[in-house]
Amino acid sequence: MTPPKTGTLMNSETSAETRRDTLTITDNRTGKQYEVPIKNDTIRPIDLRKIKVNDADFGMMTYDPSFSNTASCASKITYIDGDQGILRYRGYSIEELAEKSTYLETAYLILYGELPTQSQLADWSYHITHHTFVHESIKKFLDGFHYDAHPMGMLISTVAALSTFYPESKDIFNAESRRKQTYRLIGKMPTLAAFSYRHSLGMPLVYPDNDLSYTGNFLNMLFRTTELKYKPNPTLERTLDILFILHADHEQNCSSTAMRGVGSSHADPYCATAAATAALYGPLHGGANEQVLRMLLEIGSVNNVPAYVKQVKAGEKLLMGFGHRIYKNYDPRAKIVKRMAYEVFETVGRNPLIDIALECERIALEDEYFVKRKLYPNVDFYTGLIYQSMGFPVTMFPVLFAIPRTSGWIAQWEEMLLDSEQKIARPRQVYTGYDLRSYTPMDARK
Ligand code: ACO
């Protein structure tokens, strides 16, 4: 058999007439050739199943631990170009949304595909605002946690608990029911988060105030003490709103994948959101903002940065807030956050950790280790400094990520449910364990 041509040769020789949107694969074990269709620059692994040495073989699979080159769905929600540093929700650039939109408007856009009209936005905001209260029993449930329980642990548990209060949420193919659970989830996440925070301080819980904006009310539930009416600082309220816009969705990241995966078994949206929140908690994902601040505190001074970077390069530590699976350029969200940090410092005073962060960034962006690996600051690198300056304890940082990401999770979940190609998520494995063995009696075991 003639040896297969290389990809380069094929491309230069393929004329307009012979061009087909297919991929020809030669199996060198058998010499057989297979042609599989290409659509959107992808092939379907199921088309590879016909590649076999013997008829009895299972057929070829693809092996892709951590899904680094596997699309698990088709989606219309969020577009990322990691090489160019581009992020868009439903076609709108993150820069423009951060400048002109509000979190609730952006959440609507992400969920329903279009910017709302004035009356749609009023209706949407009304429903979110009127679904912020949680059942009083949730308070008893929260009381069971230790005073030093991590608020993410409390958030994960209480979101899952909501499932027991709204059993009708299991009616997942009912559009009206989905819409109701969407109001509830987006409305109640700040309440659960704030209640968790107040519980950890031993402070009385503050109930939602419907006169305030989404983020204004959140600040009220977190920080109100004896004042009769809480007045949020407008700069901090808007800053938080922009941060919420930046965190609203990020296509198929670890937590969205958890949301889709759990949702694919037709679990209700509260259980799926609890799973997504749990995925977000990890230090490699949404927990990174907390770890960035702990890292900056550990470094302690600008003079210690080179020694820390040396440890990172030796593989002993990670430079938290750096690197991304998709972005091989500056994360566009990090650029906006960095700018906002200075605006916040003008209101609440300069956070001294910024100098350590800037020095980490300066050294990393010049150092071959980071340049070669295309490691740039991600969204978590500067958010912690803002949150700390606003008065949040580090344990609340991942919670501040989970609240706005809820709209993205629900959009991803709904898209998955309504996609006729989706089934229960169930990957394959390459089994590398023992072949059949006989049971070893106890006295014969070593
Ligand atoms: N510090 C030091 N080295 C790093 C870092 C880092 N932050 N990130 C990646 N690297 C190195 C890896 O060790 C690897 O080096 P090698 O090729 O010599 O083995 C190389 O860069 C490629 O990294 P991978 O881990 O293969 O990249 P992956 O796409 O799997 O990981 C991740 C992405 C998890 C974000 C990683 O960059 C990381 O751990 N960063 C720190 C945690 C963080 O900031 N997470 C937040 C991400 S943004 C978000 O979720 C909101």
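First listed ligand is number 1; within each ligand, the first listed atom is number 1.
For ligand 1, one of its N or O atoms has an N or O atom of Asn378 under 3.5 Å away. In terms of N/O distances under 3.5 Å, ligand 1 is approached by Gly321.
Note that atom 1 (N) of ligand 1 has protein non-hydrogen atoms nearby, at separations under 4.0 angstrom. Proximity of atom 30 (O) of ligand 1 to the protein is indicated by at least one non-hydrogen atom lying closer than 4.0 angstrom. For atom 16 (P) of ligand 1, a protein heavy-atom neighbour is found at a distance under 4.0 Å. Inside a 4.0 Å radius of atom 23 (O) of ligand 1 there is not any protein heavy atom.
The closest protein non-hydrogen atom to atom 9 (C) of ligand 1 is Leu375 CD2, 3.5 Å. In this structure, the protein non-hydrogen atom closest to atom 18 (O) of ligand 1 is Arg373 NH2, 2.9 Å. Among all protein heavy atoms, the one lying closest to atom 38 (C) of ligand 1 is Phe322 O, 4.1 Å. Given atom 39 (O) of ligand 1, the protein heavy atom at minimum distance is Leu284 CD2, 3.4 Å. Looking at atom 33 (C) of ligand 1, its nearest protein heavy atom turns out to be Arg325 N, 3.7 Å. Atom 43 (C) of ligand 1 has its closest protein heavy atom at Ala288 CB, 3.6 Å. The closest protein non-hydrogen atom to atom 35 (C) of ligand 1 is Gly323 O, 3.7 Å. The nearest protein atom to atom 48 (S) of ligand 1, hydrogens excluded, is given as His324 CD2, 3.6 Å; this is a heavy-atom distance.
Nearest-residue assignment for atom 7 (N) of ligand 1 (options Leu319, Val309, Leu318; heavy-atom criterion): Leu319. By heavy-atom distance, the residue among His250, Arg333, His285 lying nearest atom 50 (O) of ligand 1 is His285. For atom 42 (C) of ligand 1, the nearest non-hydrogen atom from the set Met320, Arg405, Lys374 comes from Met320.
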**Request:** Could you check Tyr126 against Tyr183 for ring-ring contact (aromatic ring centres under 6.0 Å, His included), going step by step and ending with a plain yes or no?
**Result:** CA-CA 10 Å; Tyr126 175 89; Tyr183 296 147; 9.4 Å; no
**Asked** Is there a salt bridge (charged side-chain N to carboxylate O under 4.0 Å, His left out) between Glu343 and Arg238 once you walk through the steps?
**Response** CA-CA 11 Å; Glu343 285 163 29; Arg238 176 63 187 151; over 6 Å; no
**Request:** Starting from the C-alpha separation in whole Å, work towards a yes-or-no answer on side chain to side chain donor-acceptor pair (under 3.5 Å) for Gln181 and Ser177.
**Result:** CA-CA 6 Å; Gln181 314 322 321; Ser177 170; 3.3 Å; yes
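Taking the six-membered ring where tryptophan is involved, the planes of His285 and Phe401 are perpendicular, since the angle between them exceeds 60° and thus also 30°. In this pair, Tyr327 and His324 present their aromatic rings tilted. The plane angle is within the 30 to 60° band. The aromatic rings of His131 and His127 lie tilted to each other, with the angle between the two planes from 30° to 60°. The aromatic rings of Phe195 and Tyr207 stand perpendicular to each other, their planes meeting at an angle above 60°, with 30° marking the opposite boundary. Below 30°, between 30° and 60°, or above 60°: for Tyr214 and Phe244 the angle between ring planes is above 60°, a perpendicular geometry.
Remark: Arg373 qualifies as a cation-pi partner of Tyr369 under the 6.0 Å distance and 45° angle criteria applied to the six-membered ring. Both the sub-6.0 Å distance and the 45° axial angle are not jointly satisfied by Arg325 relative to the ring of Phe67.
Atoms of ligand 1 lying under 4.0 Å from any heavy atom of Phe401, numbered from 1 in the order shown and given with element: 51 (C). Near Asp380, the atoms of ligand 1 lying under 4.0 angstrom from a non-hydrogen atom of the residue are 46 (C), 48 (S), 49 (C), 51 (C). The Val312 neighbourhood of ligand 1 comprises atoms 1 (N), 2 (C), with distances under 4.0 Å to a heavy atom of that residue.
Evaluated for a side-chain contact (heavy atoms from CB on, under 4.5 Å) with Arg184, the options Phe133, Phe165, Tyr166 yield exactly one hit, Tyr166.
Taking the six-membered ring where the residue is Trp, the centroids of Phe392 and Phe223 are separated by under 6.0 Å.
With hydrogens and angles disregarded, no donor-acceptor distance shorter than 3.5 Å links the side chain of Arg88 to the backbone of Thr78.
Under the 4.0 angstrom criterion for non-hydrogen atoms, Tyr369 is in contact with ligand 1.
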